[in-house]
Trainee: 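Just dropping this structure here.
Since we're looking at a predicted model, the values are computed, not measured. Along the sequence shown, the residues carry numbers beginning at 1.
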Amino acid sequence: MFPSVRSEPGIPSLVLGIAAVYCAAHLAFLAPSLEDIDSINFALGLRHFDVASHQPHPPGYPIYIALGRLSKAVVGVLAPSLGMIRVEAVALAIWSAIGGGIALLAAFSIFSSLDRAGPASDAAQMTGFRSTAMWATVLLAAAPLFWVAGARPMSDIPGLAIAMVAQALILRSSTKRSSLVAGALVAGLAAGVRVQTACLTLPLLVLALIEERRAGVWWLVSRPLAALAVGGVAWVVPMLVLSGGLDGYLRALGSQAGEDFAWAGMLWTSPTPRRLVFALWDTFVLPWDASVLGIVVGGLAVAGAVVALLRHRRAALLITLAFAPYVVFHLLFQETIHTRYAVPTLPAMVWLAVCATSLAGRLSPVINGLVVLVTLVLAVPVGIAYGREPHPAFRAIDAMRTSATAAPPAAVYSHYAVRRPLQAADLGSLRVVEPRRNYEWLGLVDYWRGGGRAPIWFLADPRRTDLALIDPQSRRDVTHFHWSVVDRPELSGTRPADVDWYRFDRPGWFAGEGWALTPETGGIAHASGTGVDRRPIEAWVRRRSGPLHLLIGGRHFSAAGDPPAIVELAIDGTAIETWKVDPGPGGASFLRLADLAAGLPPGSEEYARLTVTARAEPAARPTPQIAIRQFDIQPAGTLIFGFGEGWHEEEYDNVTGVRWRWTSGRSVLRVSPPEAVIVTLRGESPLKYFDVPPIVRVSADSRVVDEFRPDADFERRVTVPADAVRNGGGAIVIETDRIYMPGQAEGTADRRRLGLRLFEIRVHPVAP
C-alpha cells in the first residue's frame with residue numbers, strides 16, 4: 001500500500017525508490033549513438049561551443065553543454081575504449097536518466113502541493129492507494145514518451161527536471177518564503193538548460209510574487225527577482241562572450257528563427273482546423289504510443305480537468321499556470337510532429353487523469369494500476385530496443401569507412417538531413433562534399449558534368465525522392481540501414497531516420513533542374529520557376545554504341561482557356577520528337593515512347609545534352625502550365641515502362657516519405673521492348689473505401705492473366721507472357737470493378753475516379 005501524502009512537504013521512501021529504479025533502468029540502455037540532428041548539434045557543442053555554427057543550435061543550451069562536458073570527461077576516463085560518438089551520446093544521455101529521476105521527485109512534490117491546495121475534506125483524507133500525487137508520479141514514470149526520453153542524448157528531460165524543481169520550490173513559498181528565492185534562482189538557471197522552460201516557471205513565479213507583495217517591493221526586487229537575474233546572467237554572459245558578443249548571437253538566433261519559420265510546419269504559420277487537429281493528436285495522443293492508451297489517458301485528463309475545476313479550484317489554477325502556457329507555446333510555435341517537444345505536457349496530463357480516476361473510490365487503485373501496467377508494457381520494450389541499436393546514419397558511416405580502406409570513392413555526397421552525422425563522425429580519408437539544401441542531386445550532376453568518372457557515394461534520406469533524377473539502372477547498388485524503432489511514435493520527428501548508402505558509377509543519364517519526375521522535384525521546379533513551361537530543361541545522356549529507346553511523359557494542367565502545348569525533345573540541339581498536347585477537363589496526361597535506332601550522335605563530350613522545351617500553340621500565347629512527370633532512356637534491349645492512360649498523378653507524404661499512385665477503373669502500363677514481364681503491385685486494402693472487395697483484373701491483348709479480390713493490404717506478383725505483351729503493343733491493363741469518388745464521399749471538389757491505391761508498381765523482365 002502506498003503511504004499517505006503528508007500535509008507537510010516531504011518525499012516518501014517509495015517515491016525515492018521509484019526515481020532510483022527509473023534511473024537504474026535507463027542507465028543500462030542509454031543511447032548507443034547520437035541520433036536526431038539536435039543531439040549531433042549538442043555533441044559538436046561539447047567539442048567546440050559555437051552557436052553561430054549550430055554547435056549547439058540557437059538559443060545555445062550553455063548549462064546543458066557544461067553538464068555534458070563534465071560527464072564526457074568522466075565517461076572518457078571510465079570507458080576509454082568507447083568511440084567518440086558513443087562517448088558523446090552516453091555523456092549527454094546520462095543527464096536524461098538522472099534528470100528523469102529528479103523530475104519524478106519534483107513531480108511528487110508539485111502534485112502534493114496541488115493536493116494540499118484543495119479543501120481538507122478532499123486532500124487530507126486521500127490515503128493509501130488513493131493518493132493522487134503518488135499515482136500521478138508512478139504514471140509519469142511509466143509514460144512511454146517520458147520513459148524513452150530518459151535514454152536520449154537530448155535536453156528535453158534535463159530541462160523539464162530543473163524546471164519542475166523550480167516549480168516545486170515556488171509552490172512551497174506559501175509556507176517558506178525562502179523557497180521563492182531558491183525557486184527563482186533555479187528558474188533562471190533552467191533556461192540555460194532549455195530556454196522553453198521559461199513557459200513552465202515564469203507564470204508560477206509571477207503568481208507567487210503577487211501573493212508575496214506584502215513583503216514589500218524592495219524584498220521582491222532584492223531577493224526573488226535578483227535571484228532570477230543571477231540565474232540568467234550565470235549562463236547568458238558566458239554564452240554571449242563565446243558567441244562573439246550580442247550582435248553575433250542575435251545573428252545566429254535570427255538565422256535559426258528564419259529557418260524554423262521557413263521550413264517548420266507549425267500552427268502559427270498554418271492556422272487551419274486540420275493543422276490544429278493534427279497538433280492536438282501529436283501532443284496528447286502520440287506520446288502515449290498513439291494507441292487506445294493515448295485516447296484513454298487524454299479522455300481521463302479532460303474529465304480530471306472538470307473535476308479539478310469543480311472540486312480543487314486552487315489546484316486547477318496552479319496546474320494551469322504551471323503547464324498551460326507551455327502547451328499554448330508548443331501548439332503554436334513548435335513542430336508538434338517532434339513528439340519529444342510534448343514531454344512537458346505529461347505531468348499535467350497524469351495528474352488530471354488520476355484526479356478523474358479518484359472518483360472511482362475503492363476501484364481507483366485498480367484502474368490506476370491497470371493504466372500503469374499497460375504503459376509499462378508499451379514503453380519498456382521500446383526503451384530496450386532503442387538502447388541496443390546505434391542510429392542508421394552512424395552504422396552506415398562505419399560501413400563506408402570500412403569499405404573505403406579497399407576501394408575509396410572520389411567523394412561522399414549526401415542529403416541535407418544526413419549532413420550533420422557526416423560532420424560529427426570520424427570519416428578517416430573520405431572526402432565529403434557539402435550538400436545544397438533541397439538541390440542535393442545537383443552535386444552529383446556537377447561532378448559528372450565536370451568530367452568526374454570515378455565512383456562516388458551518396459548517403460541518402462529515404463524519404464527524399466530527388467535521386468529519381470538519376471538513371472534508375474545506376475541506383476541498384478544500394479544498402480539500406482534500418483532503425484528498428486523508426487516508426488515508434490515516441491521518436492516521431494527524428495531527423496534523419498533510416499539511411500540509404502548509394503554507390504554510383506557512371507550513370508546512363510542524369511537530369512538538371514526543372515524536371516518533375518516526383519512530387520518533390522515537381523514542387524521544387526514549380527517553386528523555383530525552372531519547369532519546362534518556364535524555360536528549357538536539360539538532361540545528359542551517356543554516349544554508348546547501339547540503338548536506344550526512351551519514354552517521356554507529363555501533364556498539361558489545363559486551366560480554363562489554356563491553348564495546346566507543343567513539346568519538343570532534342571539531343572545536342574537536333575530535334576528528335578515533337579508533339580502536341582491538347583488541354584482536357586481537369587488536365588491532360590501524355591506518354592510518348594520513341595526508338596533511337598541510330599543511337600546518340602557522336603560528340604567530344606562523354607554525355608550528350610538532351611533538352612525538352614514547351615511552347616503554346618499558337619506561339620504568341622503564354623505557355624500553359626505543363627510538367628514532365630516521366631522520363632527514361634536506355635539501350636534498346638533494356639526494359640523501360642511508363643504510366644499511360646487511366647493513372648492519376650503520383651502523391652507524396654513529405655513527413656513519412658510514403659509515395660502512392662491511384663489507378664482509375666482502367667489503367668494502362670506501357671512497356672518497351674514488348675517481352676515477358678513480372679508486374680508487382682503493392683497496395684492498400686480497398687476495404688478502407690468499399691464495403692466489399694473489388695474484382696481486379698490484369699490483362700494484355702484482351703487476355704486476362706490474373707484476377708484477384710484484395711480484402712487487405714496486398715502485394716501481388718503477376719507474370720505477363722511475352723506473346724500477350726507483344727500482341728497488345730506493350731500495353732498491360734489493370735482494371736477494377738469498384739470506383740471511389742472522393743468528391744461525392746467527402747463533400748469536396750475532388751472529381752477523380754479512384755480505383756486502387758498503390759504504394760509500389762514494379763515491372764521486371766522475366767529471368768531467362
Trainee: For the aromatic rings, using the six-membered ring if either is Trp, is the centroid distance between Trp509 and Phe631 under 6.0 Å?
Mentor: yes

Trainee: Side chains of residues 718-728: which donor-acceptor pairs under 3.5 Å do they make with residues two or more places apart or in other chains?
Mentor:
unit_1	atom_1	unit_2	atom_2	d
Asp723	OD2	Arg703	NH2	2.9
Asn727	ND2	Asp723	O	3.1

Trainee: Taking Thr339 for its side chain and Leu286 for its backbone only, find out whether a donor-acceptor pair lies under 3.5 Å.
Mentor: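 A pair under 3.5 Å: no.
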
Trainee: With the threshold set at 4.0 Å, does a side-chain nitrogen-carboxylate oxygen contact exist between Asp706 and Arg697?
Mentor: no

Trainee: Are Arg436 and Glu440 ion-paired here, with the side-chain N under 4.0 Å from a carboxylate O?
Mentor: no

Trainee: Taking atom types as modelled, is there a side-chain donor on Gln634 or Asp632 under 3.5 Å from an acceptor on the other?
Mentor: yes

Trainee: Identify the heavy atoms of Glu490 and Asp289 that sit nearest to each other, and give their distance.
Mentor: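 What the structure gives for the nearest pair is OE2-OD1, 3.5 Å.
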
Trainee: Any side-chain to backbone donor/acceptor pair from Arg666 onto Thr663? Under 3.5 Å, distance only.
Mentor: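 No: the side chain of Arg666 does not pair with the backbone of Thr663.
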
Trainee: Looking at Glu715 and Arg717, is any side-chain nitrogen of the basic one under 4.0 Å from a carboxylate oxygen of the acidic one?
Mentor: no

Trainee: Would you say the side-chain atoms of Tyr413 pair up with the backbone N or O of Ala460, donor to acceptor, closer than 3.5 Å?
Mentor: no

Trainee: Tell me, please, whether Trp540 has Arg542 positioned over its six-membered ring: NZ or CZ under 6.0 Å from the ring centre and within 45 degrees of its axis?
Mentor: no

Trainee: For the residue pair Arg661 and Phe643, would you count it as a cation-pi contact if the rule is NZ or CZ under 6.0 angstrom from the ring centre and within 45 degrees of the ring axis?
Mentor: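 Positive - Arg661 is close enough to the ring of Phe643 and near enough to its axis.
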
Trainee: Let me check something: any side-chain donor-acceptor pairs from residues 556-583 under 3.5 Å, sequence neighbours excluded? List them with distances.
Mentor:
unit_1	atom_1	unit_2	atom_2	d
His556	ND1	Ser558	N	3.1
His556	ND1	Ser558	OG	3.1
His556	NE2	Pro563	O	2.9
Ser558	OG	His556	O	3.0
Ser558	OG	Gly584	N	3.0
Ser558	OG	Gly584	O	3.4
Asp562	OD2	Ala559	N	2.8
Asp572	OD1	Arg609	N	3.0
Asp572	OD2	Arg543	NH1	3.1
Asp572	OD2	Arg543	NH2	3.0
Glu577	OE1	Arg592	NH2	2.8

Trainee: For side chain to side chain contact (heavy atoms under 4.5 Å, CB included), just list the numbers for Leu591 and Arg670, CA-CA rounded to whole Å, side-chain angles, deciding distance to a tenth of an Å, and then say yes or no.
Mentor: CA-CA 9 Å; Leu591 179 67; Arg670 297 201 173 272; 4.1 Å; yes

Trainee: Indicate the ring-plane relationship of Tyr740 and Tyr689, choosing parallel, tilted or perpendicular according to the 30° and 60° boundaries.
Mentor: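 Tilted, since the angle between the ring planes falls between 30° and 60°.
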
Trainee: Less than 3.5 Å apart, any donor N or O on the side chain of His480 or Asp500 sitting next to an acceptor on the other?
Mentor: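 The answer is yes; a qualifying pair exists.
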
Trainee: In this structure, is the centre-to-centre distance between the rings of Phe510 and Tyr607 below 6.0 Å?
Mentor: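 For Tyr607 and Phe510, the ring centres are under 6.0 Å apart.
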
Trainee: Answer yes when Glu650 and Arg629 have at least one side-chain N-carboxylate O distance shorter than 4.0 Å, and no when they do not.
Mentor: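 Salt bridge between Glu650 and Arg629, a charged N being under 4.0 Å from a carboxylate O: no.
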
Trainee: Backbone N or O of Leu267 within a donor-acceptor pair of the Ser270 side chain at under 3.5 Å?
Mentor: no

Trainee: Extract all donor-acceptor atom pairs below 3.5 Å that involve side chains of residues 674-681 and protein atoms in other chains or at least two apart in sequence.
Mentor:
none

Trainee: Answer whether the closest heavy-atom distance between the side chains of Arg659 and Thr518 falls below 4.5 Å.
Mentor: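 Yes, at least one pair of side-chain atoms sits under 4.5 Å.
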
Trainee: Is there a donor-acceptor pair under 3.5 Å between the side chain of Thr272 and the backbone N or O of Arg275?
Mentor: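 Such a contact is found between Thr272 side chain and Arg275 backbone.
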
Trainee: For Phe458 and His415, I'd like to know if the aromatic rings sit close, meaning centre-to-centre distance below 6.0 Å.
Mentor: yes

Trainee: With no hydrogens and no angle check, just 3.5 Å: does a side-chain donor-acceptor pair link Thr465 and Glu520?
Mentor: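 Yes - a donor-acceptor pair under 3.5 Å links their side chains.
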
Trainee: Can you confirm if the NZ or CZ of Arg503 lies within 45° of the ring axis of Trp457 and under 6.0 Å from the centre of its six-membered ring?
Mentor: no

